[in-house]
Amino acid sequence: MTTAAGGAPQARPADAVPVALRLVGQIALITVDNPPVNVITSEIRAALRGALIEVRRLVPAKARAVVLLCKGSTFFSGADIGEFSGPPKEQEYRQLFGELEQLPVPVVAAMHGTVMGGGVEVALACHYRVAAPGTRLGLPELNFGIFAGGGGTQRLPRLIGVEHTVELLLSAKPIDAARALELGAIDALIEGELTSGALHYAEMLLASGKGPLRTCDRAVDPATASPQILERLRADARRLYPNRASALQAVEVVASSARLSFEAGLSYETEQVNIAKRTIESHALVHLFFAEREARKVPDLPRDTRARSISKAAIVGSGTMGGGIAICFANAGIPVTVLDVSEQALERGLGTVARSYDAMVSRGRISPAERTARLAAISGTTDYAQLRDADLIVEAVYEDLALKRRIFSRLDEAAKPGAILATNTSTLDVGAIAEATRRPADVLGLHFFSPANVMPLLEVVRAPRTAPEVIQSSLEFARRIRKTAVVARVGYGFIGNRMLEGYGREAERLVLEGETPRRVDTVLENWGMAMGILAVFDLAGIDVGVNVHKANAERYPPDPSYYQADVALHAAGRVGQKSAAGYYRYEAGGRTRLDDPAAIAILRQTAQRLQIAPREHSDQEILERCLYPLINDGFRVLEEGVAIRPGDIDVVWTSGYGFPRYRGGPMFYADSIGLRQVYDAICRFRSEHGPMHWRPAALLERLALAEQTLANWECSRD
Ligand code: NAD
C-alpha cells in the first residue's frame with residue numbers, strides 16, 4: 001500500500017501496490033488494483049486495513065471524506081473461493097467492514113463491473129454507494145451452499161428490506177445498477193468517468209453537510225418481514241432449493257435482522273454461515289467449482305503445447321446436433337459453413353436453425369439485429385471444396401462407422417493442412433474414424449450434448465494418435481464457445497454415456513419388475529436428478545437407444561431382459577416425445593408427461609414374456625439400483641484411464657446429465673455416503689440378481705475394503 005498525504009504517492013513497484021491511498025483535495029481516494037477481478041484475498045484485506053489506519057490519521061484535518069473504488073474490469077468481484085475450505089474468515093471480514101463503517105467521515109463506494117458476494121458486502125459497509133450504469137450486483141453464495149457471511153444478511157435488509165434481500169439471495173443472480181437504485185441498495189448512478197464522478201459525489205455530500213450514514217444504524221422496515229412474507233419466502237426456498245438446508249437457513253438469518261440488534265444479528269449470521277460451510281451440500285458445490293477448473297488440465301500434455309488458432313469452422317451434417325453446434329459457434333462470433341448431403345437436407349437443417357433464432361428473439365433472449373448477425377455467420381453448402389479454409393471441422397452425421405469413415409476420408413482430401421477434424425459421435429471408436437485419414441494426429445472427438453447450443457458440457461475425446469496441440473486447441477476453443485470441457489479417452493460411450501448404460505438398464509428393469517415409469521422417475525427426481533431417466537429416454541428418442549443397442553449388441557452380457565422395455569415400446573411405435581408416446585404419453589406437440597395405461601400394458605406383457613414377476617420396491621432400493629451401477633461404472637472409467645480424475649466424472653454428470661450439483665456428482669456422492677455402503681449394496685444385489693450385471697469394480701472393492709475414500713486415493717496418486 002502507498003499512502004501520500006498531500007497527493008505525492010510513494011515510489012513502489014506497481015505490482016506491489018494492490019491498495020493505494022492518495023488525497024485528492026480533501027477526499028481520501030482508496031484505489032484497489034488486484035487483477036484480474038479484484039478478488040478480496042487475505043492480502044487485499046490486510047492492505048485495506050492498513051489503508052484505513054492511514055485514513056484515520058488523515059481525518060478530519062486533511063481528509064473529510066473517503067472514496068473507495070477498484071481499477072480494472074470491476075469493483076471487488078467477491079471473496080476468495082480458495083479460502084472456503086480453510087479456517088473461517090467471517091470474523092476477519094466482520095472486523096474490516098466494521099472499521100470501514102465506523103470511519104468518522106462519509107465513505108463512498110464507487111462500483112463498476114460485476115460486483116458479487118463479498119464485493120457487495122464491502123459496499124454495504126460504506127456509507128454511500130454509487131455505481132456506473134450497467135454495474136451488476138449479486139449475492140450468489142447459495143451456489144456454494146452458503147450465504148453472505150460478511151454482514152450482508154444484516155446490512156442489506158436495512159437498506160432494501162427483508163423481502164427483497166431474501167429474493168436477491170435466493171435468485172443467486174445479479175441485478176443491474178438501475179434496479180439496485182430503485183430498491184435503495186445504491187444511492188446514485190454515475191454517468192461518465194467513474195473516479196471523477198465519485199469524487200464529485202463526495203464533494204457534494206460535504207457541501208450539503210452530509211455526514212456518515214451508517215447502514216448498521218438504520219432500522220429494518222418491519223413490514224418487509226411480516227409472517228405472510230416470511231412464509232412465502234420459506235416456500236420459495238424449499239421450492240427453488242429442494243433437499244438443501246442453506247436456502248432456508250438464509251431466509252431465517254436475513255429475517256433475524258428485523259428482530260435482533262445489529263451486533264446480535266452479525267453473530268447469528270457468523271454462526272449459521274459456519275454451520276452451512278460444514279455441510280456436504282457446501283463441500284459438494286465447492287468441489288465442483290474446483291473440479292471444473294481442474295478439468296482443463298491434462299497432465300501428460302507437454303508444458304509448451306501451443307494451441308492452433310481457430311477463426312473459421314465447418315460442420316458436416318445439419319441435423320439436430322449439426323444445427324445446434326452451428327448456433328453455438330455463431331453465438332460465439334465464429335463464422336461457420338454447414339455441409340449436408342443435399343440441397344434439400346441443407347434447407348431443412350438451416351430452416352431449423354433460423355427458427356431457433358426466431359424463438360430466441362420472441363423469448364427476448366436476443367435482439368432482431370443479433371439474430372440477423374448470427375444467421376449471417378452461418379452459411380450452407382453441399383460442396384466439400386467450400387470447407388477448405390476451415391480451421392476446425394466437426395462431423396455430425398448419422399451414427400454409422402462406415403459413413404463417418406467415408407466422410408473423414410473426404411475431409412482428408414478437402415481440409416487444409418493443420419485443420420482440426422472432429423467427430424461428434426456418441427459411441428463409436430474415434431481412433432477407427434481417425435485412421436480413415438492420413439492425418440490421425442489432427443482427429444479427435446468433440447462430443448456435444450443436445451441441444452448443443454444450450455448444454456454446457458463438451459467431452460473432448462482423444463484417440464490414440466491425437467496430437468497434444470489438437471487437444472489443447474480444443475480445450476481453449478471450448479472456453480470461447482462457453483463450454484465446460486472434460487477430456488476423455490476412447491472407450492464405449494466415453495465417460496457420460498458409458499455410465500448411463502447401467503443406470504438406464506436398472507430403471508428399465510424396475511418397470512419390468514412392476515414399477516410404473518412415473519414411480520421410478522419420481523424417486524430419482526425427488527432425490528435431485530433434473531429429469532428421471534425414463535423421461536430422458538422419451539426426450540432423446542427411444543429409437544436412438546434401440547439403434548445404439550442393436551449396433552453394439554456384442555458388448556453386453558447375454559441378458560434377455562437387457563433394455564427390453566425400450567425394445568417393446570419401440571416395436572409399438574412409441575419412440576418418445578416425437579411420437580407423443582413412449583414411457584408416457586404427451587398431448588400433440590406438448591412436453592408434459594401423462595401416465596399412459598397403454599404403455600404400462602406393453603411393459604407388463606413384456607415382463608410376463610420374460611417371466612419377470614412383479615414385486616414392491618422401496619424408494620431407497622429404486623435409488624440404489626439406479627445410482628450404484630452408474631457409480632460402479634465411474635470406477636471402471638477411472639481404472640481404465642478413460643477419465644483422468646474423479647472430479648472430471650462429476651463435472652460430466654452435473655453439467656451434461658442433470659445430476660444434482662449439491663450432491664457433487666456421482667463420485668463425490670459415493671465418497672460422501674461411504675464407498676463401503678456402495679460396495680455392500682452392489683454385493684447384496686449380486687446375491688439377489690446374479691453376477692451378470694452386479695460385479696463391483698476392482699478399484700471400488702479395493703478402496704471400500706480398505707475403508708478409503710476416492711479423494712484420498714486421488715491425493716495418493718499425485
Ligand atoms: P440427425 O439425424 O438429426 O442429423 C444427421 C444429419 O446428417 C442430417 O442432416 C443428414 O442429412 C446429414 N447427413 C447424413 N449423411 C450425410 C452425408 N453423407 N454427408 C453429409 N451430411 C449427411 O442426427 P443427430 O441427432 O444430429 O446426430 C448426429 C451425430 O451426433 C451422431 O453421431 C450422434 O450419435 C451424435 N450425437 C447425437 C446426440 C443427440 O442427442 N441427438 C447427442 C450427442 C451426439
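Order of appearance sets the numbers: ligands from 1, and atoms from 1 within every ligand. All values derive from a computational prediction rather than experimental measurement.
Atom CZ of Arg480 has more than 12 neighbouring heavy atoms from other residues, nucleotides or ligands inside a 6.0 Å radius. The environment of Arg591 atom CZ is sparse: at most 12 non-hydrogen atoms of other residues, nucleotides or ligands sit within 6.0 angstrom.
Checked options Val298, Val470, Leu444; the residue passing with Arg462 is Val298 (criterion: side-chain contact (heavy atoms from CB on, under 4.5 Å)).
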Test salt bridge (Lys or Arg N to Asp or Glu O under 4.0 Å) applied to Arg308 and Asp391, step by step: CA-CA 8 Å; Arg308 294 180 193 168; Asp391 304 303; over 6 Å; no
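For Asp619, the salt bridge (charged side-chain N to carboxylate O under 4.0 Å, His left out) test picks out Arg519, with sequence neighbours left out.
Panel note: side chain Gln564, backbone Tyr562; a donor-acceptor pair is recorded below 3.5 Å.
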What short N/O contacts, under 3.5 Å, does ligand 1 make with the protein, listed by atom pair and distance?
residue	atom	partner	partner atom	Å
ligand 1	3 (O)	Thr320	N	2.9
ligand 1	3 (O)	Thr320	OG1	3.0
ligand 1	9 (O)	Gly319	N	3.2
ligand 1	9 (O)	Asp340	OD2	2.7
ligand 1	11 (O)	Asp340	OD1	2.7
ligand 1	11 (O)	Asp340	OD2	3.3
ligand 1	21 (N)	Asp340	OD1	3.2
ligand 1	26 (O)	Thr320	N	3.3
ligand 1	26 (O)	Met321	N	2.7
ligand 1	30 (O)	Asn424	ND2	2.9
ligand 1	32 (O)	Val397	O	3.2
ligand 1	32 (O)	Glu399	OE1	2.6
ligand 1	32 (O)	Lys404	NZ	2.6
ligand 1	34 (O)	Glu399	OE1	2.9
ligand 1	34 (O)	Ser426	OG	2.9
ligand 1	36 (N)	Ser426	OG	3.2

